[in-house]
Amino acid sequence: MIPPRVRFAPSPTGDLHVGGVRAALFNWLYARRHGGTFVLRVEDTDRERSTPESTALILEGMSWLGMTPDEGPFFQSERGDLYRARLTQLLDMGGAYRCWCTKDDLDAKRAEAERRKSRYGYDGTCRGVTEAPSPGAPFVVRAKLPQDGEVLIDDMVKGRVVLRNDQFDDFILARQDGSPVYNFTVVVDDIDMGITHVVRGDDHLNNTPKQVHLYRLLGADLPRFAHLPMVHGPDGKKLSKRHGAASILAFREMGYLPETMLSFLARLGWSHGDQEEFTVEELQTLFDLDGINPAAAVFDHKKLEWMNGRRMREMSTPELLARARPFIERAQIDPDLPWVPRALEALQPRANTLAALAEGLSLFAGRGPVAYDAKAAAKFLKAESRALLTELAAALEATRPFAAAAIEETVRTFLATRELKMKHIGQPARVALVGGTASPSLFDVMEIFGRDVTLARLRAAAAWSGPEA
RNA sequence: GCCCCCAUCGUCUAGUCAGGUCCAGGACACCAGCCUUUCAAGCUGGGUACACGGGUUCGAAUCCCGUUGGGGGUACCA
């Protein structure tokens, strides 16, 4: 097979969203799998809506995910000469014509069609017109398409799709100001860049016949098409900002790993038997277009979370620290504090995102007195427990080293001597140490705090005099 | 309205192209149990699905038709 050339062609009109990322991913993986080339092309022909900020966001998202293009980024806004040349070519050969219809006229016709509940399509008023209605009157350029017959698309995901030519009209190639429009630039560029496989969302399926005609008009070979199913939100509609996080960078902020996003997104619409998780390397060797499910998929945040947690749990502490560093700093904790690695280790099975991990760290950040959760204190810091806490503090004075194993030994002996169980001291001590009822193992917590803080907190709890009120 | 796409547990999916091994398998979520000082993690177990109706066939989740449902498109957006 000749090495494929594929492209990701986002338009910079907002965030790089999850659906776009998946399209990029499938293109990128397809190129990697078959030794092809992945091209990034920014489709910024809509000057009204395109922004440099959005372009920056796209580039940043791509680089965060490690999907570096082999060629590009190219910008359509910089390729005007090419489009003008092709437009002239089309005009000269009769594949396109000037149209002087005004926007108002068109809008009126569209409104009328809507009223009659029939399909609107440009009626071809200017098809045979060669003279401007008045000298210098503004015009758009339209493609001259066959009005009957049909186009057959042999889609690699959807299979054979037949569209009748009377379903689409002579669409606009260039606006009144001469600027080219999507359906035109996409074909010109895909031809110029030698794109062999057009892999994109199936919201473009209806555009494809128009584009096929352009390929023919321009005398170019057709690429293979692969239309990907959409990614939906929980309500079954195309995923968007309305569904909360749709921007890929938002997932970075939430503390998801880029490799989790890739593995998860790949599994949304594509599968390799029952395998749930993939490394990037695996994806690059296993991925292919024939594994794509033609049905739309719902983005399942819960599963993403689970998947991310699994990856975090597989990491070594130093790696976890390195990855979580920015999040720890953001939580206003110095990542280089000596107790941090130990705390990270204790928190690891309890966090599914780097942000949650950093947040968990704040449990250990304060070394002064703790504020007790009212309900927890009322329930676990009763007189009996407080007396026990005083004794435990005394017992812990002599523990050497002050590390989890030795601490556990001390505590167990302490309990055994009194014929008590862990449940008698567990929650009271936890409330004393962290103020609440949930935390990593007490022994770990004590080690992380160190002897001084541990004893101080145990004794402070023992001296607690009940709710203020 | 018209056109196109899609249809297996709540969700992601295997199985569909090459019909039998599927009274449908895995995963997330959920529930229960175990572990246990809490919360997690981990382990074990459980319930839940071939949208419906017709065909074709000895036999259909798998093929065909229709219905219904969902999604997308219908711009001087991409």
Side-chain angles (χ1 to χ4, degrees), chain A residues 9-13 43-46 48-50 99 101 103 106-107 110 113-121 138-142 153 155 157-159 161-164 166-169 171-177 179 181-183 185-186 200-209 227 229-230 232 234 236-238 264 267-277 290 293-307 309-310 313 347-352 360 376 380 408 411 415 421-431 434 436-443 445:
Chain A
S11 84
T13 53
E43 311 221 316
D44 53 355
T45 51
D46 185 341
E48 303 275 299
R49 301 195 305 149
S50 300
C99 167
C101 293
K103 198 162 194 319
L106 262 20
D107 286 345
R110 199 194 329 274
E114 214 158 290
R115 201 171 315 123
R116 296 202 322 266
K117 288 185 185 290
S118 67
R119 180 188 170 81
Y120 166 79
F139 59 87
V140 300
V141 179
R142 290 184 182 274
I153 296 158
D155 194 90
V157 174
K158 305 288 187 183
V161 181
V162 179
L163 289 301
R164 292 207 320 273
D166 61 15
Q167 287 304 317
F168 35 84
D169 57 2
F171 65 99
I172 290 175
L173 301 174
R175 305 179 178 94
Q176 271 186 356
D177 65 3
S179 64
V181 170
Y182 167 74
N183 273 118
T185 57
V186 71
R200 78 229 302 190
D202 70 12
D203 48 346
H204 285 283
L205 191 51
N206 288 288
N207 285 325
T208 306
H227 285 96
M230 300 275 90
H232 286 171
K237 302 270 202 294
K238 195 162 144 183
F264 177 77
R267 199 62 175 52
L268 223 52
W270 174 80
S271 61
H272 179 70
D274 284 332
Q275 190 171 343
E276 295 288 347
E277 297 169 280
D290 56 16
N293 181 340
V298 174
F299 188 92
D300 182 357
H301 208 122
K302 283 278 197 202
K303 190 164 184 176
L304 206 217
E305 215 174 297
W306 163 80
M307 209 176 259
R310 294 205 57 167
R313 265 165 248 132
L347 257 10
Q348 196 167 15
R350 296 172 169 77
N352 285 331
F380 294 110
E408 174 161 7
V411 174
L415 291 171
K421 296 285 190 200
M422 198 63 209
K423 67 178 175 188
H424 297 293
I425 197 78
Q427 288 302 69
R430 193 178 317 278
V431 174
V434 301
T437 53
S439 84
S441 161
L442 273 182
F443 316 123
V445 170

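Any value given below was found using the heavy atoms of this structure, including those in side chains, with hydrogens, waters and symmetry copies removed. In the text below, chain A, chain B and the rest are named by the order of the sequence lines, each starting its count at 1.
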**Q** Rounded to whole Å, how long is the line connecting atom NE2 of A/His272 with atom C1' of B/rU13?
**A** 14 Å

**Q** Can you check the distance between B/rC30 and B/rG71, where both ends of the measurement are the P atom (answer in whole Å)?
**A**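 Pairwise P distance, B/rC30 against B/rG71, rounds to 27 Å.
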
**Q** Run the numbers on A/Tyr182 and A/His204 for ring-ring contact (aromatic ring centres under 6.0 Å, His included), then give the verdict.
**A** CA-CA 11 Å; A/Tyr182 167 74; A/His204 285 283; 5.4 Å; yes

**Q** When you get a sec, tell me which of B/rG71, B/rU38, B/rC76 is the closest nucleotide to the side chain of A/Ala438?
**A**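 Looking only at heavy atoms from C-beta outward on A/Ala438, the closest nucleotide is B/rU38.
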
**Q** What distance do A/Leu173 atom CG and A/Ser179 atom OG have between them, rounded to the nearest 0.5 Å?
**A** 11.5 Å

**Q** For nucleotides B/rA14 and B/rG33, find the distance between their C1' atoms and express it as a whole number of Å.
**A**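 The same atom, C1', in both gives a distance of 29 Å.
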
**Q** Any base atoms under 4.0 Å from A/Leu268, or only sugar-phosphate, or nothing? Heavy atoms, all strands.
**A** sugar-phosphate

**Q** Nearest 0.5 Å, please: how far is CZ in A/Phe380 from CD1 in A/Ile425?
**A** 12.0 Å

**Q** If you look at every strand shown and take non-hydrogen atoms under 4.0 Å, does A/Phe443 touch a base, only sugar-phosphate, or nothing?
**A** base

**Q** Using a cut-off of 4.0 Å on non-hydrogen atoms, how would the nucleic acid contact of A/Gly269 be classed: base, sugar-phosphate, or nothing?
**A**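 Counting heavy atoms under 4.0 Å across all strands, the contact made by A/Gly269 is with sugar-phosphate only.
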
**Q** Any idea which of B/rA78, B/rC76, B/rU38 is nearest the A/Gln427 side chain?
**A** B/rU38

**Q** If pairing requires Watson-Crick or G-U wobble contacts with both distances under 3.5 Å, which nucleotide is the partner of B/rA51?
**A** B/rU67

**Q** Please determine, for B/rU11, whether a Watson-Crick or G-U wobble partner exists with both distances under 3.5 Å, and give it or none.
**A** B/rA27

**Q** Tell me the interatomic distance from A/Arg267, atom CZ, to B/rC12, atom P, rounded to whole angstroms.
**A** 11 Å

**Q** Taking the P atom of each, how far is B/rC50 from B/rC3, in whole Å?
**A**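 It works out to 31 Å between them.
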
**Q** Classify every nucleotide of nucleotides 61-68 of chain B by which part a protein heavy atom approaches to under 4.0 Å, writing B for the base, S for the sugar-phosphate alone and - for neither, in 5'-to-3' order.
**A** --------

**Q** Do NZ/NE/NH1/NH2 and the carboxylate oxygens of A/Asp177 and A/Arg175 come within less than 4.0 Å?
**A** no

**Q** Between B/rG15 and B/rG26, how far is it from one P atom to the other, in whole Å?
**A** 15 Å

**Q** For a quick test of reading the model: is some side-chain N or O of A/Thr45 closer than 4.0 Å to OP1 or OP2 of B/rC77?
**A**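 So the side chain of A/Thr45 is outside the cut-off, no N or O lying under 4.0 Å from OP1 or OP2 of B/rC77.
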
**Q** Can you check whether A/Lys238 has a side-chain N or O nearer than 4.0 Å to OP1 or OP2 of B/rG73?
**A** yes

**Q** Among B/rU38, B/rG72, B/rA78, which is the nearest nucleotide to the side chain of A/Arg175?
**A** B/rA78

**Q** Using atom C1' of each nucleotide, how far apart are B/rA32 and B/rG25 to the nearest Å?
**A**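 Per the computed distance, 22 Å lies between those C1' atoms.
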
**Q** Counting heavy atoms from C-beta on, name the nucleotide in B/rC6, B/rG71, B/rA40 closest to the side chain of A/Ala295.
**A** B/rC6

**Q** Is the distance from OP1 or OP2 of B/rC39 to the nearest side-chain N or O of A/Thr437 less than 4.0 Å?
**A**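 So the side-chain polar atoms of A/Thr437 never come under 4.0 Å of the phosphate oxygens OP1 or OP2 of B/rC39.
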
**Q** From A/Phe168 CZ over to A/Asn183 CG, what is the distance, rounded to the nearest 0.5 angstrom?
**A**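 If I round to the nearest 0.5 Å, the distance is 10.5 Å.
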
**Q** Among the nucleotides B/rA40, B/rG72, B/rA29, which one has an atom lying closest to any side-chain atom of A/Lys302?
**A** B/rA29

**Q** Taking only the P atom of each, what is the distance from B/rU68 to B/rC31 in whole angstrom?
**A** 38 Å

**Q** Within less than 4.0 Å of OP1 or OP2 of B/rA78, is there a side-chain N or O belonging to A/Arg49?
**A** no

**Q** If you measure from the C1' atom in B/rA61 to the same atom in B/rG45, how many Å do you get, rounded?
**A**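 Approximately 27 Å lies between the C1' atom of B/rA61 and that of B/rG45.
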
**Q** Side chains of A/Arg200 and A/Thr208: do they bring a donor and an acceptor to under 3.5 Å?
**A**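 Result is yes, a qualifying pair exists.
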
**Q** I want to confirm an ordering. Mapping A/Asp177 and A/Gly236 to their closest nucleotides on RNA chain B, which one lands closer to the 5' end?
**A** A/Gly236

**Q** Provide, to the nearest angstrom, the distance between the CD atom belonging to A/Glu276 and the C1' atom belonging to B/rA29.
**A** 13 Å

**Q** Classify the side chain of A/Asn207 and the base of B/rA78 as holding, or not holding, a donor-acceptor pair under 3.5 Å.
**A** yes

**Q** By nearest atom, which of the nucleotides B/rC3, B/rC77, B/rC76 is closest to the A/Ile172 side chain?
**A** B/rC76

**Q** Is there a donor on the side chain of A/Asp274 or the base of B/rG25 sitting less than 3.5 Å from an acceptor on the other?
**A** yes

**Q** Report the base-pairing partner of B/rG59 (Watson-Crick or G-U wobble, both distances below 3.5 angstrom), or none.
**A** none

**Q** With both distances kept under 3.5 Å, what pairs with B/rC35, Watson-Crick or G-U wobble?
**A** none

**Q** Roughly how many Å is it from CD in A/Glu277 to P in B/rG26, rounded to a whole number?
**A**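 It works out to 17 Å between those atoms.
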
**Q** Roughly how many Å is it from CZ in A/Arg164 to P in B/rC5, rounded to a whole number?
**A** 12 Å

**Q** So, OP1 or OP2 of B/rG42: does either fall under 4.0 Å of a side-chain N or O from A/Arg313?
**A**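 Looking at the OP1 and OP2 atoms of B/rG42, one of them is under 4.0 Å from a side-chain N or O of A/Arg313.
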
**Q** Hey, does the side chain of A/Arg110 come within less than 4.0 Å of B/rU74's phosphate (OP1/OP2), counting only N and O?
**A**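 No, A/Arg110 has no side-chain N/O under 4.0 Å of OP1/OP2 on B/rU74.
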
**Q** Would you say B/rC77 has OP1 or OP2 under 4.0 Å from some side-chain N or O of A/Asn183?
**A**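 The answer is no; no side-chain N or O of A/Asn183 sits under 4.0 Å from OP1 or OP2.
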
**Q** Distance check needed: B/rU38 P versus A/His424 NE2, whole Å only.
**A**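 Roughly 13 Å, once rounded to whole Å.
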
**Q** Would you mind telling me which of B/rC4, B/rC12, B/rG72 lies closest to the side-chain atoms of A/Lys303?
**A**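 Of the candidates, B/rC12 comes closest.
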
**Q** To the nearest 0.5 Å, what is the distance between CD on A/Gln427 and OG on A/Ser439?
**A** 8.0 Å

**Q** For the NE2 atom of A/His232 and the CE atom of A/Met230, what is their distance to the nearest 0.5 Å?
**A** 7.0 Å

**Q** For A/Lys423 and for A/Leu106, locate the closest nucleotide of RNA chain B by heavy-atom distance; then report the residue assigned to the nucleotide nearer the 5' terminus.
**A** A/Lys423

**Q** Of the nucleotides B/rU11, B/rC4, B/rA78, which has the atom closest to the A/His204 side chain?
**A** B/rA78

**Q** Nearest whole angstrom, please: distance from the P of B/rC35 to the NZ of A/Lys421.
**A**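 Nearest whole value for this atom pair: 13 Å.
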
**Q** To the nearest 0.5 Å, how far apart are CG in A/Leu415 and NE2 in A/His424?
**A** 8.0 Å

**Q** Taking A/Asp155 for its side chain and A/His227 for its backbone only, find out whether a donor-acceptor pair lies under 3.5 Å.
**A**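 Yes, A/Asp155 side chain to A/His227 backbone: donor-acceptor pair under 3.5 Å.
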
**Q** Name the nucleic acid region contacted by A/Val140, choosing base, sugar-phosphate or nothing; use a 4.0 angstrom heavy-atom cut-off, strictly under.
**A**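 Base, at least one base atom sits under 4.0 Å.
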
**Q** A/Lys158 has an atom NZ; how far is it from atom P of B/rG72, in whole Å?
**A** 12 Å

**Q** If only side-chain N and O atoms count, and only distance matters, is there a donor-acceptor pair under 3.5 Å linking A/Arg313 with A/Asn352?
**A**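 Per modelled atom types, A/Asn352 and A/Arg313 side chains form a pair under 3.5 Å.
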
**Q** When the P atoms of B/rG10 and B/rC6 are considered, how many whole Å apart are they?
**A** 22 Å

**Q** What contact category does A/Pro440 fall into here, base, sugar-phosphate, or nothing, at under 4.0 angstrom with non-hydrogen atoms?
**A** base

**Q** Using a distance-only criterion (donor-acceptor N/O pair, under 3.5 Å, no hydrogens), is the base of B/rG26 paired with the side chain of A/Gln275?
**A** no

**Q** Is it true that A/Glu276 and A/Lys303 have a side-chain N and a carboxylate O under 4.0 angstrom from each other?
**A**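 Yes, charged N to carboxylate O under 4.0 Å.
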
